[in-house]
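Working notes, structure below.
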Amino acid sequence: MQDPNGTPPAYVLRPIGVVRSPRSVPEHDHWGEVTSVIELDPERLRPEAVTGLERFSHLEVVFHFHLIPETAAVTGDCHPRDRTDLPRLGILAQRLKERPNRLGVSRCELVRVDGLTLHVRALDALDGTPVLDVKPYQKLFAPRPETVREPDWLHEAMSRYYAP
């Protein structure tokens with residue numbers, strides 16, 4: 001994990017695009033009907049980089065929580081959504097934006113592909129968010145539903161996340 005001098009390695013990721021969204025302020029809920037655009041960078045990607053992408057209904061988008069300062073990163077535990085009625089969870093047991101590397105992963109519906117412009121719905125990223133990667137969502141790589149385990153309170157706590 002460290003070089004011979006004891007310094008952790010640094011990784012530089014260059015965005016491949018940017019999100020254009022009507023939302024510019026972080027909000028917990030109601031992402032389901034939000035329509036956004038991912039503008040892919042023509043200096044990083046050639047037009048054929050999206051060939052065949054329109055055959056998929058959903059995308060997985062990796063992005064950077066660019067509005068969260070590094071000093072705000074949580075490295076221990078906290079209450080999800082700042083709700084003290086929910087149990088404290090370690091940062092790696094939740095999807096909080098204040099993560100150590102401030103990386104987000106989201107699944108969203110692909111509405112259409114217009115060259116290097118991807119029109120999407122339900123992407124929970126703000127306007128100006130740097131996009132690090134885009135992948136087609138494939139059920140083949142999802143866990144079998146019967147093997148997924150989640151705490152009982154999660155569904156109530158997140159019930160409005162994608163609600164209109």
Side-chain angles (χ1 to χ4, degrees), residues 1-3 7-75 80-81 91-148 150 154 158 160-164:
M1 295 290 253
Q2 297 183 345
D3 70 15
T7 305
Y11 298 95
V12 176
L13 299 175
R14 291 180 29 223
I16 62 166
V18 66
V19 173
R20 297 296 175 210
S21 170
R23 287 194 173 182
S24 58
V25 176
E27 296 178 44
H28 281 304
D29 296 317
H30 309 294
W31 289 97
E33 297 303 315
V34 174
T35 57
S36 304
V37 169
I38 298 173
E39 295 175 349
L40 297 172
D41 184 350
E43 293 185 17
R44 299 284 328 272
L45 296 167
R46 298 189 346 221
E48 57 270 20
V50 297
T51 301
L53 194 60
E54 76 285 348
R55 295 179 180 161
F56 293 88
S57 64
H58 290 76
L59 302 175
E60 291 181 306
V61 181
V62 180
F63 54 90
H64 185 251
F65 289 116
H66 67 297
L67 298 179
I68 305 299
E70 191 170 351
T71 56
V74 174
T75 58
R81 300 177 145 225
I91 187 62
L92 301 182
Q94 54 182 306
R95 298 180 66 93
L96 188 69
K97 63 188 175 303
E98 290 86 0
R99 311 185 68 68
N101 283 316
R102 299 170 333 268
L103 293 179
V105 178
S106 186
R107 290 185 184 93
C108 61
E109 180 184 357
L110 177 60
V111 176
R112 79 176 187 275
V113 178
D114 246 348
L116 289 177
T117 301
L118 310 178
H119 299 261
V120 299
R121 183 177 298 113
L123 175 61
D124 55 350
L126 301 175
D127 188 56
T129 296
V131 174
L132 303 174
D133 203 359
V134 172
K135 298 179 182 196
Y137 175 76
Q138 299 171 352
K139 287 193 302 186
L140 175 70
F141 293 103
R144 295 187 330 264
E146 67 274 11
T147 66
V148 175
E150 300 171 324
L154 181 65
M158 300 303 291
R160 294 182 309 276
Y161 198 78
Y162 287 112

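None of the values given here were measured: they were computed from a predicted structure. We're numbering straight along the sequence, starting at 1.
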Requested in this report: Could you pull out the closest heavy-atom pair between Tyr11 and Pro9, with the gap in Å?
Outcome: OH-CG, 3.6 Å

Report task. Might you point out which heavy atoms bring Pro143 and Val148 nearest each other, and give the distance in Å? Result -> CG-CG2, 3.9 Å

Query raised in the report: Which pairs count as salt bridge (charged side-chain N to carboxylate O under 4.0 Å, His left out) when at least one residue sits in residues 91-107, sequence neighbours excluded?
Result: Glu60-Arg107

**Report entry** Within-4.5 Å side-chain heavy-atom neighbours: Ser36 and Pro22
**Finding:** yes

Query - Nearest-0.5 Å distance that lies between atom CZ in Arg46 and atom OG1 in Thr51 - result: 9.5 Å

Report summary line: For Phe65, the ring-ring contact (aromatic ring centres under 6.0 Å, His included) test, sequence neighbours excluded, returns Phe63

**Report entry** Interatomic distance, His66 atom NE2 to His64 atom NE2 [nearest 0.5 angstrom]
**Finding:** 9.5 Å

Query - Candidate pair Leu126 and Ser21, rule side-chain contact (heavy atoms from CB on, under 4.5 Å), full reasoning - result: CA-CA 6 Å; Leu126 301 175; Ser21 170; 5.8 Å; no

Query - Shortest non-hydrogen contact between Tyr137 and Phe56, atoms and distance - result: O-CD2, 3.9 Å

Query raised in the report: So do Leu53 and Leu110 actually touch side chain to side chain, heavy atoms under 4.5 Å?
Result: yes

Report summary line: Arg121 meets the salt bridge (charged side-chain N to carboxylate O under 4.0 Å, His left out) criterion, sequence neighbours left out, with Glu109

Query raised in the report: Is a donor on one side and an acceptor on the other found under 3.5 Å between the side chain of Arg14 and the backbone of Arg44?
Result: no

Query - Closest approach of Ile68 to Ala72 (non-hydrogen atoms, all atoms of both residues) - result: CG2-CB, 4.1 Å

Query raised in the report: What residues form a salt bridge (charged side-chain N to carboxylate O under 4.0 Å, His left out) with Glu33, not counting sequence neighbours?
Result: none

Requested in this report: Please round to the nearest 0.5 Å and tell me the distance separating atom CD1 of Ile38 and atom OG1 of Thr117.
Outcome: 10.0 Å

Query raised in the report: What residues form a side-chain hydrogen bond (donor to acceptor under 3.5 Å, both in side chains) with Glu27, not counting sequence neighbours?
Result: none

**Report entry** Exercise: identify the closest heavy-atom pair between Ala122 and Ser106
**Finding:** O-OG, 4.3 Å

Query raised in the report: Does Arg81 reach the main-chain N or O of His28 with its side chain, forming a donor-acceptor pair under 3.5 Å?
Result: yes

Query raised in the report: Mind checking whether Val61 and Leu118 have side chains closer than 4.5 Å, heavy atoms only?
Result: no

Requested in this report: Would you give the length of the straight line joining atom CZ of Arg23 to atom CG of Asp127, rounded to the nearest 0.5 angstrom?
Outcome: 12.5 Å

Report task. Please check if atom CD in Gln138 has more than 12 non-hydrogen atoms from other residues, nucleotides or ligands closer than 6.0 Å. Result -> yes

Requested in this report: Could you list the residues that satisfy salt bridge (charged side-chain N to carboxylate O under 4.0 Å, His left out) with Glu150, not counting sequence neighbours?
Outcome: none

Query raised in the report: So, do Ile16 and Asp41 sit near enough that their side-chain heavy atoms are less than 4.5 Å apart?
Result: no

Query raised in the report: Are Lys135 and Leu59 side-chain neighbours, meaning at least one heavy-atom pair lies under 4.5 Å?
Result: no

Report task. Would you give the length of the straight line joining atom CD1 of Ile91 to atom OG1 of Thr75, rounded to the nearest 0.5 angstrom? Result -> 9.0 Å

**Report entry** Check: His30 side chain, Ala163 main-chain N or O, donor-acceptor pair, under 3.5 Å
**Finding:** yes

Requested in this report: Find the distance between OG1 (Thr35) and CG (Leu123) and round it off to the nearest 0.5 Å.
Outcome: 10.5 Å

